[in-house]
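Have a look at the structure below before the remarks.
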Amino acid sequence: MEPLNQTVQFAVMTEIEFTSWHKWSESPYFDLKSFYETFDGGQSFAWDRHADYIEGRFLKSIFRLRLENNRILFSIPKTANLETEERSLANYLAIDLDFESMRDSLPWRSDSILKQAIDAYPNLRILRQPLSETLLGFLCSSTKQIPQIKQILRLSAESYGETIIAPFKSLPDWDRLAKLEENQLRNLKLGYRANYIKQSADFLKENPDFLSKLSSLPTQVAKERLMQLPGVGEKIADCVLLFGLGKMESFPIDTWIEKILIRFYQLEGYSKKQLQQFAFSHFGASAGYAQQFLFSAARSESIKI
DNA sequence: CCGCAGGATACTG
DNA sequence: CAGTATCCTGCG
């Protein structure tokens, strides 16, 4: 027996063919740090880092991305449709939004903390991820660290996803999740979150248009609606609005951001509600973008809490 | 083995 | 309102 050989053979058998690297003329400009942080910095759980590229999937798409001369090159499975995938990448990256002007609209001229954060990740972007997957990801996220959330989602896809191209599987959609028993969900290491997923899946089944209707609503209304779902409080609602619907004014306050705001803006004693109010009045219409700068910078210790 | 982690909720004062 | 126990699991 030669286990090593078997392993190698298995790897070869299951490996699928990817295209060579495509230049992408619409690519936003990225420095390397901002590139990695955008895809694998906490707004998405869909991407894994490899030696010289990142690999990720959303809905039925699989992408490898890397940077060359500050622009994205992409590679997709050879069987995928190039034009379709390119459009879907453009939407995912929200290239219709002008992040440079949003960045310029932030109060960095008078806010040296924010300026430091922006300097650390100048080309950071907010992704516009599929709403259903964003909701699922953040419903899994409470008191979990990113690697654990990724593990839950990986297990969910392996167990109940649909094969995109073997061996790649999508995440299970909400219809599929609604068909699962709570103990099947618990096997995904969801713990008490299993109940949230189960009840949310049932709710979405009863209200099939719920998610698709959200995007046209005013942000505050959409937020209240999202918070009707079990397991969705303010923080998760704001994450879904920001990372799944491109609502840039949404300002998720987790324990990190709470610490950052209190520490750097001298807001001791402020409640979450008051912090939210501060964020809106200080950062303005793109407060969520400011949040991501501060979050990323603090996480990498570019600004020290 | 214990404490805790990028949270929500129900319940208490 | 503000504070707190509880919900699970895996990892350090």
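Numbered from 1 within each chain, the chains take letters A, B, ... in sequence-line order. All values derive from a computational prediction rather than experimental measurement.
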So which residues get pulled into Tyr36(A)'s cluster when ILVMFWY side chains under 4.5 Å apart are joined, directly or through others?
Trp24(A), Phe30(A), Leu32(A), Phe35(A), Phe39(A), Trp47(A), Ile54(A), Phe58(A), Phe63(A), Leu65(A), Leu67(A), Ile72(A), Phe74(A), Ile76(A), Leu82(A), Leu89(A), Tyr92(A), Leu93(A), Ile95(A), Leu127(A)
[X] near the nucleic acid: base, sugar-phosphate alone, or nothing, with a heavy-atom cut-off under 4.0 Å?
X	answer
Ser141(A)	nothing
Ile146(A)	base
Lys235(A)	sugar-phosphate
Gly42(A)	base

Would you kindly confirm whether Phe280(A) and Val221(A) end up in one hydrophobic cluster when ILVMFWY residues are joined by side chain heavy atoms under 4.5 Å apart?
no
Close side-chain approach of Leu261(A) and Phe251(A), heavy atoms under 4.5 Å:
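Leu261(A) reaches Phe251(A) side chain to side chain.
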P-based separation of dG6(B) from dA2(C) [nearest Å]
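One P to the other, the span is 24 Å.
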Using atom P in both nucleotides, what's the gap between dC8(C) and dC11(B) to the nearest angstrom?
16 Å
Just to confirm, is there a sub-4.0 Å distance from OP1 or OP2 of dC8(C) to any side-chain nitrogen or oxygen of Arg193(A)?
no
Is any side-chain N or O of Lys189(A) closer than 4.0 Å to OP1 or OP2 of dC8(C)?
no
Can you work out whether Met227(A) or Thr255(A) has the more 5'-proximal nearest nucleotide on DNA chain B?
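Whichever sits nearer the 5' end wins; that is Thr255(A).
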Protein-nucleotide distance ([X], atom [atom1]; [N], atom [atom2]), rounded to Å:
X	N	atom1	atom2	result
Leu135(A)	dA8(B)	CG	C1'	14 Å
Asn195(A)	dT9(C)	CG	C1'	16 Å
Glu258(A)	dA5(B)	CD	P	13 Å
Gln151(A)	dA5(B)	CD	P	19 Å
Leu242(A)	dG6(B)	CG	P	19 Å
Glu234(A)	dG6(B)	CD	P	19 Å
Lys272(A)	dA8(B)	NZ	C1'	10 Å
Leu190(A)	dA5(B)	CG	C1'	16 Å

Taking the six-membered ring for Trp, are Phe293(A) and Tyr289(A) parallel (under 30°), tilted (30 to 60°) or perpendicular (over 60°)?
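Phe293(A) and Tyr289(A): tilted rings.
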Mind telling me whether Tyr265(A) and Phe278(A) have parallel, tilted or perpendicular rings, with 30° and 60° as the class edges?
tilted
Exercise: do Ser296(A) and Glu37(A) side chains pair donor with acceptor under 3.5 Å:
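Yes - a donor-acceptor pair under 3.5 Å links their side chains.
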Could I get a table of every N or O pair under 3.5 Å where one atom is in the protein and the other is in nucleotides 1-3 of chain B?
none

Over-ring placement of Lys150(A) relative to Phe45(A), 6.0 Å and 45° cut-offs:
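So Lys150(A) doesn't make the cation-pi contact.
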Do the side chain of Arg299(A) and the base of dG6(B) come within less than 3.5 angstrom through a donor-acceptor pair of N or O atoms?
yes
Tyr192(A) on top of dC8(C)'s base, within under 5.5 Å and under 30°?
no
Can you tell which of dG7(B), dG10(C), dG6(B) lies closest to the side chain of Ser142(A)?
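Among dG7(B), dG10(C), dG6(B), the one nearest the side chain of Ser142(A) is dG7(B).
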From dA2(C), dT9(C), dA8(B), nucleotide with atom closest to Gln148(A) side chain:
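It is dT9(C).
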Leu106(A) and Ser286(A): which non-hydrogen atoms are nearest, and at how many Å?
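Looking at all heavy atoms of both residues, the closest pair is CD2-O, 3.6 Å.
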Could you let me know what dG6(B) is paired to, Watson-Crick or G-U wobble, both distances under 3.5 Å, or none if it's on its own?
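None - no nucleotide pairs with dG6(B), as no candidate has both distances under 3.5 Å.
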